[in-house]
Structure formats: structure tokens, C-alpha cells
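Remarks on the structure that follows.
None of the values given here were measured: they were computed from a predicted structure.
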Amino acid sequence: MSKTAIILGATGLTGGLLTTLLIKDPNYSKIKLFTRRATPFSDPKIEEIQCDLFTLESVKEQFTGDIVFCCIGTTKAKTPDRDLYYKIDYGIPIASAQLAKENGIGTYIVISSIGTSDKSPFFYVHTKGEMERDIITMDIPNTYIMKPAFINGRPDADRKGENRLKFWMRISDALMIGPLKKYRSTQALQIAKAMAYLGIHSHNEQNISNHHIKILSTHYES
């Protein structure tokens, strides 16, 4: 049975890769992109809903489907204002999960980060920890929280800077063995592939805890 997917964050790296995968995947017949600006995607499957992501309730009637993929996220460097950061990294995922719950969407998949905790004194770690905690309490039947460490594959206008970063990540990844393996960088494409797979196969996943909450760490296989 083909699925209707909702994606938030299609203009970002992982969200864009995920959208491309779903366009090619016959398991998905419709892809709704909720976005604040136009996306580069053009395909019969795509329905683009431009809206204010801070007021998702205003598009509740259009927020219908089988799966929500929340790829929204920012960084301290991009969003130094803490109030705005909180609205993006906590507010948008929570609002979208709430709409999924109210509209009877059974699968919700969100990207968070490794090492988060709602008990942490550090604002950025604490924010994502709060987001995870409050999404889990909504009890959406199949909830998946993706928890990568550093997401590799980001575009960088400074080619030398990008190459240096990749070089050092290869070195650090090689040194992270045993318990440290979970801190290795993850390719954005692998995260997108895992999300696309989970959207279809969530009911067949094994070892899912109560309420079908699955918290996934780094390193996803294609």
C-alpha cells in the first residue's frame, strides 16, 4: 500500500536527500513538503505547502498523511539567538508531532542528536532533550528518534575548509572504537535512507520498546 509522507525541512541537507529518495521510491505515492520557502523539487508526487512553520496549526487541515519526517534543525552558529533556536529545534518538532497525533498519523520520525538530555545544564543539549521527552509522551504509535553525532556531507562554500574537515573526521572516526563508536560521524544520505526505510517498515521492526518508541543512534546501513 502506497504512503503519503509529510516532510518538514526539505530545503536542508538531510531533508533534501530524503525527499529525493521518496520521489524515486514506489512505496510513496504523495510527498507533502511543509516549507517556509519554495523548494527545488518538481515531481507529480510533490505537494508543496508554503507556510509559517512557527504556526503549523494554521495548516492543520492539510497536515494529513501516513508518516511525518521532521528534518528541522539549526545550529548555534546559524542561530545564536536562544529564543529563536528554541522555537526552531523544540517548537517546530513539537507542533508537528502534536498535529500528527491530532490527525491520526501513526508514524513520526524526527532527527535529534546524540548526547541530548533534558537534565543537562547546557542549553543546546537540553533543548533537544526536552524535544525528545515531550514527543515521546505524545504516544504516537510508531515514534523514531534519530540520534546521529556529527552529520557528514554538509555543503561548504570554502572547499579547502570542507576538505580539511573531512580529513579530520576520517581520522577521528578511525579512533572511535568500542563504546566511542556511536560518536562517529554519519553521512546524511545514510540517515535519509534509514528514515525512508522506517517509514515503510516501522511495523516490522524488532526490539521496539513499549509504545513503539525507538531511539536510534549513529551509523545506519543502506
Let me see the working for Ile140 and Thr107 under side-chain contact (heavy atoms from CB on, under 4.5 Å), right down to the final yes or no. CA-CA 7 Å; Ile140 296 169; Thr107 301; over 6 Å; no
Which value, rounded to the nearest 0.5 Å, describes the distance between [X] atom [atom1] and [Y] atom [atom2]?
X	Y	atom1	atom2	value
Ile109	Met146	CD1	CE	7.0 Å
Ile191	Thr14	CD1	OG1	5.0 Å
Ile23	Asp43	CD1	CG	4.5 Å
Thr39	Ile31	OG1	CD1	10.5 Å
Ser96	Lys101	OG	NZ	14.0 Å
Thr35	Phe41	OG1	CZ	10.0 Å

Quick one: does [X]'s side chain get under 4.5 Å of [Y]'s, heavy atoms only?
X	Y	value
Ile136	Ile145	yes
Ile135	Thr137	no
Ile7	Phe34	no
Lys128	Asp89	yes
Val110	Thr143	no
Ile111	Lys147	no
Val125	Thr127	no

Quick one: side chains of residues 59-71, donor-acceptor pairs under 3.5 Å with protein atoms, not counting sequence neighbours, listed by atom name and distance.
| residue | atom | partner | partner atom | Å |
| --- | --- | --- | --- | --- |
| Lys60 | NZ | Glu102 | OE1 | 3.0 |
| Thr64 | OG1 | Lys32 | NZ | 2.8 |
| Asp66 | OD2 | Thr4 | N | 2.7 |

Pairing residues for [X] by the side-chain hydrogen bond (donor to acceptor under 3.5 Å, both in side chains) criterion, not counting sequence neighbours:
X	value
Asn103	none
Thr79	Thr74
Ser2	Ser29

Can you see which heavy atom on [X] is nearest to which on [Y], and at what distance?
X	Y	value
Ala97	Met138	CB-SD, 3.5 Å
Met131	Ile94	O-CD1, 3.8 Å
Pro80	Ala77	CD-O, 3.9 Å
Glu132	Ser113	OE2-O, 3.8 Å
Pro148	Ser112	CD-O, 3.8 Å
Ile92	Leu56	O-CD1, 4.2 Å

Would you verify whether the NZ or CZ of Lys3 falls within 45 degrees of the ring axis of Tyr28 while also being under 6.0 Å from that six-membered ring's centre? no
Which atom pairs, donor and acceptor, lie under 3.5 Å between side-chain atoms of residues 15-22 and protein residues at least two apart or in another chain?
| residue | atom | partner | partner atom | Å |
| --- | --- | --- | --- | --- |
| Thr19 | OG1 | Gly15 | O | 2.8 |
| Thr20 | OG1 | Gly16 | O | 3.1 |

Pairs flagged by ring pair (Phe, Tyr, Trp, His ring centres under 6.0 Å) wherever residues 97-122 is involved - sequence neighbours left out: none
Using the ring-ring contact (aromatic ring centres under 6.0 Å, His included) criterion, which residues pair with Tyr86? Sequence neighbours excluded. Tyr90
Residue set satisfying ring-ring contact (aromatic ring centres under 6.0 Å, His included) with Tyr85, at least two apart, ordered chain then number -> Phe123, Tyr124
Evaluate the criterion side-chain contact (heavy atoms from CB on, under 4.5 Å) for residue pair Ile49 and Leu33; output intermediate values, then yes/no. CA-CA 6 Å; Ile49 299 102; Leu33 306 181; over 6 Å; no
Partner set under side-chain contact (heavy atoms from CB on, under 4.5 Å) for Thr55, not counting sequence neighbours: Asp52, Ser58
Holding to side-chain contact (heavy atoms from CB on, under 4.5 Å), I want the full list of residues that pass it with Ala38, two or more places apart in sequence or in another chain. Glu48, Gln50
Atom NZ of Lys87 with >12 non-hydrogen neighbours under 6.0 angstrom: no
Is there any salt bridge (Lys or Arg N to Asp or Glu O under 4.0 Å) pair reaching into residues 118-127, and which pairs are they, with sequence neighbours excluded? Asp118-Arg133
Please enumerate all residues that pass salt bridge (Lys or Arg N to Asp or Glu O under 4.0 Å) together with Glu47, with sequence neighbours excluded. Lys30
